[in-house]
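Following: one structure in structure tokens, then a few remarks.
Side-chain atoms are counted along with the backbone in the values below, which use heavy atoms only and exclude waters and symmetry mates. Counting starts at 1 for both ligands and their atoms, in listed order.
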Amino acid sequence: MCIYIYVYIYIYTYIYIYIYTYIYTHIYIYIHIYIHTCVYIYIYICVCIYMCIYIYVYVYIYVYICIYVCVYVDGCVYRYIFISVFSCNELTHVLYLLFPVGPYTITYFGVRGRCGAMRIMMADQGQEWKEILIDFADWTKGDLKASCVFGQLPKFEDGGLVLYQSNAILRHLGRNHDAYGKDGKEAALIDMMCDGVEDLRLKYVKMIYQEYDTGKDQYIKDLPNHLDKFEAVMAKNKTGFLVGNKPSFADYGLFEVLLNHLVLCSSCLDTSPSLKSFVEKMSARPKIKAFLSSDAYKKLPINGNGKQ
Ligand code: 6SG
């Protein structure tokens with residue numbers, strides 16, 4: 001959707017700057033040179049110089065700022081092309097910042113699995129995305145697997161940027177959607193919490209896929225030891241989030257892993273009041289609430305082996 005708006009704006013600015021301005025300038029010069037006296041040549045030269053400065057200096061500086069934003073901040077090749085070709089004025093830049101980034105595409109199996117957190121995050125950020133669900137029969141053919149950097153899914157596409165590794169994807173979303181802390185220190189703490197969530201997720205995944213029948217009870221018994229660490233951080237920060245005063249990508253990761261644990265053991269947060277309140281508040285955020293009650297979310301099992 002947004003890409004059409006960009007195209008429209010860029011075509012408009014293109015027409016304005018490169019056609020309207022040139023035609024206008026030349027008609028103006030023509031009228032004054034041939035109809036009025038040559039005294040005006042001085043003015044015509046000023047107009048031309050002004051136009052040259054405007055188009056060849058200001059516009060190009062602006063375009064390079066846009067290229068920087070697109071390639072280094074956003075990583076989107078399509079917007080890079082559109083902006084570098086067409087972008088010309090402040091209006092474009094303001095609109096660029098106002099409209100959400102994307103489109104994003106997730107390619108993954110028909111499970112919540114490693115995509116649960118990023119889907120919740122995008123839903124909460126009001127970001128649309130496209131899903132390509134892969135069934136196991138297609139996956140075993142091997143072509144897609146061979147094309148994946150680590151031979152695994154999820155694959156995430158942001159324009160021309162292709163990413164693998166779910167936590168790298170969460171970080172990318174954190175950067176794109178201002179959910180990576182307010183400064184370098186907060187970003188470092190958010191990274192730390194993300195790695196902590198990953199450790200918990202790996203324990204959970206190991207139990208689910210490798211030792212569900214023999215290890216589930218022991219896992220639930222040990223769970224308070226793991227959740228206590230997050231409870232302490234959450235209680236200490238007092239804002240209702242792990243770091244800072246708004247949700248970061250680590251919060252979405254923790255939230256999703258806690259939802260899975262509540263399915264495993266509905267009382268698992270009874271001794272963690274801050275985590276319990278965190279889950280309640282995150283679940284009540286309007287866009288998350290809508291997403292969690294959508295068919296798109298509910299139809300997907302948590303894990304690929306049917307255990308939960
Ligand atoms: C599995 O492990 O869903 N990717 C998985 N499995 C296929 O050939 N560190 C990265 C990351 O964070 C881990 C990626 C992750 O992004 S996720 C993958 O690609 C492979 O390795 C868990 C999940 N499992 C369900 C699933 C569908 C097809 C293969 C795995 C269900 C289980 C087995 C068959 C059907 Fe199945």
Side-chain angles (χ1 to χ4, degrees), residues 75 104-123 125 127 129-177 179-180 187 190-216 219 226 230 242 248-264 291-292 294-308:
Y104 296 141
T105 304
I106 289 177
T107 305
Y108 193 49
F109 309 110
V111 297
R112 294 180 203 165
R114 284 272 171 190
C115 286
M118 67 183 80
R119 287 178 181 131
I120 290 173
M121 178 168 180
M122 288 189 284
Q125 297 291 333
Q127 174 64 53
W129 72 95
K130 198 179 141 199
E131 293 270 1
I132 299 174
L133 295 182
I134 304 297
D135 63 39
F136 189 57
D138 285 341
W139 181 250
T140 48
K141 286 179 194 154
D143 298 349
L144 177 59
K145 186 177 174 74
S147 74
C148 299
V149 171
F150 298 104
Q152 289 189 312
L153 296 175
K155 171 183 178 181
F156 183 91
E157 289 164 272
D158 175 359
L161 177 72
V162 182
L163 285 176
Y164 299 90
Q165 294 294 353
S166 54
N167 289 315
I169 296 163
L170 281 176
R171 283 187 168 82
H172 180 66
L173 291 174
R175 279 185 286 268
N176 273 5
H177 296 276
Y180 210 147
I190 289 165
D191 280 340
M192 178 182 81
M193 295 317 301
C194 177
D195 287 359
V197 173
E198 173 65 13
D199 285 351
L200 178 60
R201 188 180 291 279
L202 286 174
K203 289 187 186 86
Y204 170 81
V205 165
K206 183 169 180 247
M207 181 275 295
I208 289 285
Y209 283 98
Q210 293 172 23
E211 45 201 47
Y212 188 85
D213 296 330
T214 54
K216 178 185 164 187
Y219 181 87
H226 307 308
F230 295 101
L242 287 168
S248 70
F249 67 88
D251 287 296
Y252 294 107
L254 178 63
F255 173 59
E256 199 265 342
V257 101
L258 291 179
L259 287 181
N260 296 345
H261 280 82
L262 283 167
V263 173
L264 181 74
F291 178 65
L292 296 184
S294 70
D295 285 344
Y297 175 79
K298 286 195 292 190
K299 76 174 182 197
L300 297 180
I302 299 176
N303 301 300
N305 60 355
K307 314 267 192 222
Q308 58 181 30

Heavy-atom check, side chain of [X] versus side chain of [Y], under 4.5 Å:
X: W139; Y: K145; result: yes
X: Y108; Y: F156; result: no
X: I208; Y: N260; result: no
X: V197; Y: C194; result: no
X: N167; Y: R114; result: yes

Report task. Please confirm whether L153 comes within less than 3.5 Å of ligand 1 when only nitrogen or oxygen atoms on both sides are compared. Result ->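 Yes, since at least one N or O of L153 sits under 3.5 Å from an N or O of ligand 1.
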Query raised in the report: Any idea which part of W139 is under 4.0 Å from ligand 1, heavy-atom wise: side chain, backbone, both or neither?
Result: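 Only the side chain of W139 comes within reach of ligand 1.
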Students should be able to answer this: which protein heavy-atom is nearest to [atom], and at what distance?
atom: atom 25 (C) of ligand 1; answer: G304 CA, 3.6 Å
atom: atom 33 (C) of ligand 1; answer: F136 CE1, 4.1 Å
atom: atom 12 (O) of ligand 1; answer: S166 OG, 2.6 Å
atom: atom 13 (C) of ligand 1; answer: Q152 OE1, 3.6 Å
atom: atom 27 (C) of ligand 1; answer: F109 CG, 3.4 Å

**Report entry** Identity of the nearest option to atom 10 (C) of ligand 1, non-hydrogen atoms only, from K155, R201, R112, Q165
**Finding:** Q165
Does ligand 1 have any atom sitting under 4.0 Å from a heavy atom of [X]?
X: N305; value: no
X: G113; value: no
X: Y108; value: yes
X: Y209; value: yes

**Report entry** D295, CG atom: more than 12 neighbouring heavy atoms under 6.0 Å
**Finding:** no
Please list, in number order, the atoms of ligand 1 under 4.0 Å from a heavy atom of [X].
X: K145; value: 8 (O), 20 (C), 21 (O)
X: V111; value: 3 (O)
X: P154; value: 16 (O)

Report task. Verify whether one side chain among Y212 and N303 offers a donor that lies under 3.5 Å from an acceptor in the other. Result -> no
Report summary line: The residue among R201, R119, R112 that forms salt bridge (Lys or Arg N to Asp or Glu O under 4.0 Å) with E256 is R201
Requested in this report: Could you pull out the closest heavy-atom pair between Y297 and L292, with the gap in Å?
Outcome: CD2-O, 3.2 Å
Query raised in the report: Are R171 and Y180 in a cation-pi contact, defined as NZ or CZ under 6.0 Å from the six-membered ring centre and within 45° of the axis?
Result: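 No, cation not above the ring by the 6.0 Å, 45° rule.
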